[in-house]
Amino acid sequence: MSESTSTPENAASTVETFEFKAEMKQLLHLIIHSLYTHEEIFLRELISNGSDALNKIRFRMLTDRDVLDPDAAQQISITLDKEANTLTLTDAGVGMSREDLMKRIGTVASSGTLDFVTEMKKGDGPVDAQLIGQFGVGFYSAFMVADTITIDTRHANVDSVGLRWTSDGSGSYTIEQTDRVERGTTITLHLKEDKKEFAEPWRVRQIIKKYSNFVDFPIHVDGEEVNTVDALWHKSKSDVTDEQLNEFYKFVSGDYEAPMGHLQVNVEGRVSFKSLLFVPSKAPRSMYQEDFQFGVHLYSSKVFIQDDAKNLLPEWARFIKGVVDTEDLPLNVSREVTQNSPVFAKIRQIITGKLLAMLKEWSVEESDRFTKFSKEFGMLFKSGLSSDFENRDDMIELIRFESSVKEAGELVSLEQYVDRMKEGQKAIYYVLADSRKAAELNPNLEYFAANDLEVLLMTEPVDSFIIPGIPKYKDVELKSVETADLDLKKKKSKDKEGPSKQDTKKILDRFKKVLGDRVEDVKSSDRLVDSAATLVVGKAGMDAQMERMMKMMDENFEGSKKVLEINLEHPLVTNLIGLCKDESNDALVESTVLQLFEGALLADGALLSPREFVRRMTELMVAATKN
Ligand code: ADP
């Protein structure tokens, strides 16, 4: 913001001009000059701001009636003037101070601006204005339809003054003091020439019915009340239609798609509450950000209290949107006290249980819907295993993984795995990897493929964190395919004879000598079929993927030493056994052993310096291509 053009002493009587910040200018330029679908949502944004402002003053007045106009009607009034081509919206809400006008209206959260600008620039067709709600640039959406906007406002504090903010969105705005007497805010849009439809009462009523029907203050258009819908969550389930549910979901969430599903819970008892909760159809883009806002609105007897009630659901369910309405809360205490009250804890326990029961039902009866859920929210859900101990057992039943015996994209549960286990199979086998492709290329899988054993392909980053916490499922151990002491019996191919005992000992000793303390041990492998060597986890070691995660979090983390397993039937090993018989081959044997070892490290993503590896490979290729 640039300096004011007038001095503070005479600010009261003069008009001050302020420049928008560069990124705001860019945002406004885009808003003003883009083509839209659904530009009518500007009205939803303004009504929603008015309703927020009314909620704020209503909440304050529960405990403090020393405010301006304590008896003002709690409603939103819209007046339309076709002659003047204006739409004017008035609320008797909390109003704004000079600082609010500069800090809240004059600037928007910069992350919101940038995200929005990026999104807008993506396509070259018309922009879907419904996106705006997700970026926190709501007020400015009015510049889609208005060429000048004026805000007349007065804050609810009794010592406040009337203020007027005006801008044409081009580069600056002005603020001046006025003699407004009533509390609240009046926003006047001077409509663009080609947006006259928004001065038509029928059109404005239609928009309100579509987007703002559930606002819980009366909305008047030219004196006539438009929204008449009762709180849906107070109706019995059978009286609520799917269409109403969808509309209500869109209203509480700002989403424009129908939800994936909903849950209505009404409880009368030690605590009494009514709730209507929704699972969105897509994970919100910011779901993993720390400051992601919880989306459950808290009401007390139909009166709105908070729109981001924490602690009503566990962290893993923070994508849930909807309403919880209870009379059992002390409203005259702080948010923190409310959120940590036993009433909250009890409500949370009940709705979390119901939510898990609903997910269980989907998983049994609606596998498509449940697969969608797992793909959108599975990662966050899994992360809940390490914090939600109360529901852990139920949650373990609901986690899903890809599987070596299923197509890519198909997900399986631990229960399904156990039900399919082969006779004599002792463990649930899994491999941790960055992707299905990487998992499938892991040489440690060869044995399992050759023996038709199912392996869970754990490809989500969160899997590495939760797996150590699930040592067993229904008394069956979970084992990484990289764990050294798998109880394996190799399916021997009849025509292949391994080397003699003596040769085996010799070649293993040779490997150990070359590698020294770079490995914990060198062993002959029962798990390899096509590859020559692989690294497996030593006695106390960690799975390779898990080790990589640890290194990402702590750069000083030193991994444990690995056991190198070699495939005695592999032609390369057979050749090496032959070469070892003549001392003149020592250098070649040594290079090959090092190359095999570093190649295995590379495959695990654990080779620190590829330079030496590449140099050695070049040497070996020179030797191989000599004629
Ligand atoms: P958002 O509503 O997502 O915060 P907006 O750009 O729509 O973003 O509004 C910015 C801020 O301006 C609001 O958070 C609020 O503090 C203030 N504001 C907007 N409209 C009003 C109003 N009618 N009454 C009081 N404050 C308002």
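Start at 1 and go down the list; that is how both ligands and their atoms are numbered. Positions are given from 1 along the sequence.
In terms of N/O distances under 3.5 Å, ligand 1 is approached by F139.
Taking the six-membered ring for Trp, F42 and F198 have ring centres closer than 6.0 Å. Not less than 6.0 angstrom separates the ring centroid of W316 from the ring centroid of F377.
Using 4.0 Å as the threshold, E45 has no heavy atom nearer than that to any atom of ligand 1. Not close to ligand 1: D100, with no non-hydrogen atom less than 4.0 angstrom away.
Using cut-offs of 30° and 60° on the angle between ring planes, the pair F143 and Y140 is parallel. The aromatic rings of F278 and Y249 sit tilted relative to each other, their planes meeting at an angle between 30° and 60°. In this pair, F373 and F370 present their aromatic rings parallel. The plane angle is below 30°, not in the 30 to 60° band.
Heavy atoms of M96 found under 4.0 angstrom from ligand 1 belong exclusively to the side chain. If you look at D91 next to ligand 1, the close heavy atoms, those under 4.0 Å, all belong to the side chain.
The ligand atoms of ligand 1 that sit less than 4.0 angstrom from a heavy atom of G138 are 6 (O), 7 (O). The atoms of ligand 1 that sit less than 4.0 Å from any heavy atom of I105 are 12 (O), 19 (C).
In this structure, the side chains of F273 and V343 stay at 4.5 Å or more apart for every pair of heavy atoms.
Proximity annotation for atom 24 (N) of ligand 1: of S97, A53, G184, A53 comes nearest, heavy atoms only. Of all the listed residues (N49, T186, I151), N49 holds the heavy atom that lies closest to atom 7 (O) of ligand 1.
Residue T241 holds its OG1 atom at 3.5 Å from CD of Q244, rounded to the nearest 0.5 Å.
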